[in-house]
2 protein chains.
Amino acid sequence: MNLIYEALAHPTRRQIIALLRRGDLPAGEIATLFDIAKPTLSGHLRVLREAGLVIGERHGTSIVYSLQLSLLEESMAALLDLFKIDSARSPEPDPN
Amino acid sequence: MNLIYEALAHPTRRQIIALLRRGDLPAGEIATLFDIAKPTLSGHLRVLREAGLVIGERHGTSIVYSLQLSLLEESMAALLDLFKIDSARSPEPDPN
DNA sequence: TCCTTTATTAGGCAACAACCGAATAATAGC
DNA sequence: GCTATTATTCGGTTGTTGCCTAATAAAGGA
């Protein structure tokens with residue numbers, strides 16, 4: 001859970017998520033849309049991958065990234081739990 | 001918005017939020033519930049304050065902290081927007 | 001006023017995160 | 001096998017975060 005919060009803490013990574021919502025994209029194409037070096041973006045993608053928020057599948061020489069929607073829903077549920085706007089959850093919440 | 005995501009990125013700060021959901025608490029009492037030095041906790045409270053997630057009101061020598069529920073709801077809405085689970089929002093989302 | 005209590009700020013340090021250019025890996029096509 | 005393309009990993013720099021102890025501030029009561 002902590003990995004998800006950390007992944008969301010950087011604006012660029014949230015923008016990548018917003019981008020991928022519209023459809024899958026290869027890493028290079030994502031890179032062209034940001035004003036940062038490719039290795040830097042590759043690092044951001046790794047953080048998102050390790051948090052489980054995206055997956056990358058190789059197609060030929062390119063690696064196409066797509067959202068992992070189930071994880072996004074899980075993180076939503078966690079945040080709902082943290083704020084307790086929704087209810088019917090564990091009585092002793094552990095936010096980690 | 002970015003401040004909120006950054007504030008939520010640390011486990012201790014999320015635990016503070018979970019704690020305050022049950023009721024307001026003075027800083028010192030929060031500190032006793034964590035195994036960290038008081039100045040460290042004071043720093044976490046500052047981060048939460050600057051993100052607008054909590055407010056601190058002085059009562060005598062102590063400062064009582066409470067959740068800023070409106071901001072919590074706003075951040076929920078932002079996350080819903082980021083993931084687009086809910087709809088009927090801005091057509092060109094900016095996740096910053 | 002002085003002392004106690006409660007919290008914060010200041011200063012310093014180690015660990016981490018973000019960034020870049022250069023080098024390396026993986027695949028496809030000739 | 002060689003070359004081109006696409007991405008990642010490596011190595012290093014810079015700035016930030018998290019933590020601590022010591023010092024300071026703010027309020028209340030003797």
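Atom set for the values below is all heavy atoms of this structure, side chains included, hydrogens, waters and symmetry mates excluded. Residue numbering restarts at 1 for every chain, and letters A, B, ... go by the order of the sequence lines.
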Q) Any side-chain heavy-atom pair from B:L41 and B:I16 closer than 4.5 angstrom? A) yes
**Q.** Any B:H44 side-chain nitrogen or oxygen under 4.0 Å from OP1 or OP2 of D:dC19
**A.** yes
**Q.** Shortest side-chain distance from B:H10, nucleotide among C:dT8, D:dA26, D:dG18
**A.** D:dG18
Q: Please round to the nearest 0.5 Å and tell me the distance separating atom CD1 of A:I17 and atom OG1 of A:T12.
A: 11.5 Å
Q: Look up atom CG in B:L20 and atom CG in B:L45, then write down how far apart they are to the nearest 0.5 Å.
A: 8.0 Å
Q) Roughly how many Å is it from CZ in B:R49 to C1' in C:dT9, rounded to a whole number? A) 11 Å
Q. Under 4.0 Å: is that the gap between some side-chain N or O of B:Y65 and OP1 or OP2 of C:dT8?
A. yes
Q | Sequence neighbours excluded, every pair satisfying side-chain hydrogen bond (donor to acceptor under 3.5 Å, both in side chains) that has a member inside residues 56-66 of chain B | A | B:R49-B:Y65
Check nucleotides 20-24 of chain D for protein N or O atoms closer than 3.5 Å to its own N or O atoms and list the pairs.
unit_1 : atom_1 : unit_2 : atom_2 : d
D:dC20 : OP2    : B:A37  : N      : 2.8
D:dC20 : OP2    : B:T40  : OG1    : 2.6

Q | Interatomic distance, B:N2 CG vs D:dT17 P [rounded to whole Å] | A | 10 Å
Q | d(CD, A:E57; C1', C:dT27) in whole Å | A | 16 Å
(Q) Whole angstroms only, please: what is the CD-P distance between A:E50 and D:dT9? (A) 9 Å
Q: Return the value, rounded to whole Å, for the distance between atom CD1 of A:I63 and atom P of C:dA25.
A: 15 Å
Q. Would you say the side-chain atoms of B:R13 pair up with the backbone N or O of B:E6, donor to acceptor, closer than 3.5 Å?
A. yes
Q.
Can you tell me how far apart CZ (B:R22) and CG (B:L67) are? Round to the nearest 0.5 Å.
A. 12.0 Å
Q) C:dA28 phosphate, OP1 or OP2: any side-chain N/O from A:R58 under 4.0 angstrom? A) no
Q: Whole angstrom is fine here: how far is it from CG in A:L45 over to C1' in C:dC19?
A: 15 Å
Q) Atom CZ of A:R46 to atom P of D:dT9: distance rounded to whole Å? A) 7 Å
Q) Should A:I30 and A:H44 count as side-chain neighbours, where that means a heavy-atom distance under 4.5 Å? A) no
Q) A:E6 has an atom CD; how far is it from atom C1' of C:dA15, in whole Å? A) 13 Å
Q | Nucleotide nearest A:S62 when distance is taken to its side chain, options D:dT6, D:dT8, C:dA7 | A | D:dT6
Q: May I ask you to verify if any side-chain N or O of B:R13 is less than 4.0 angstrom from the OP1 or OP2 atom of D:dG18?
A: yes
Q.
What contact category does A:S42 fall into here, base, sugar-phosphate, or nothing, at under 4.0 angstrom with non-hydrogen atoms?
A. base
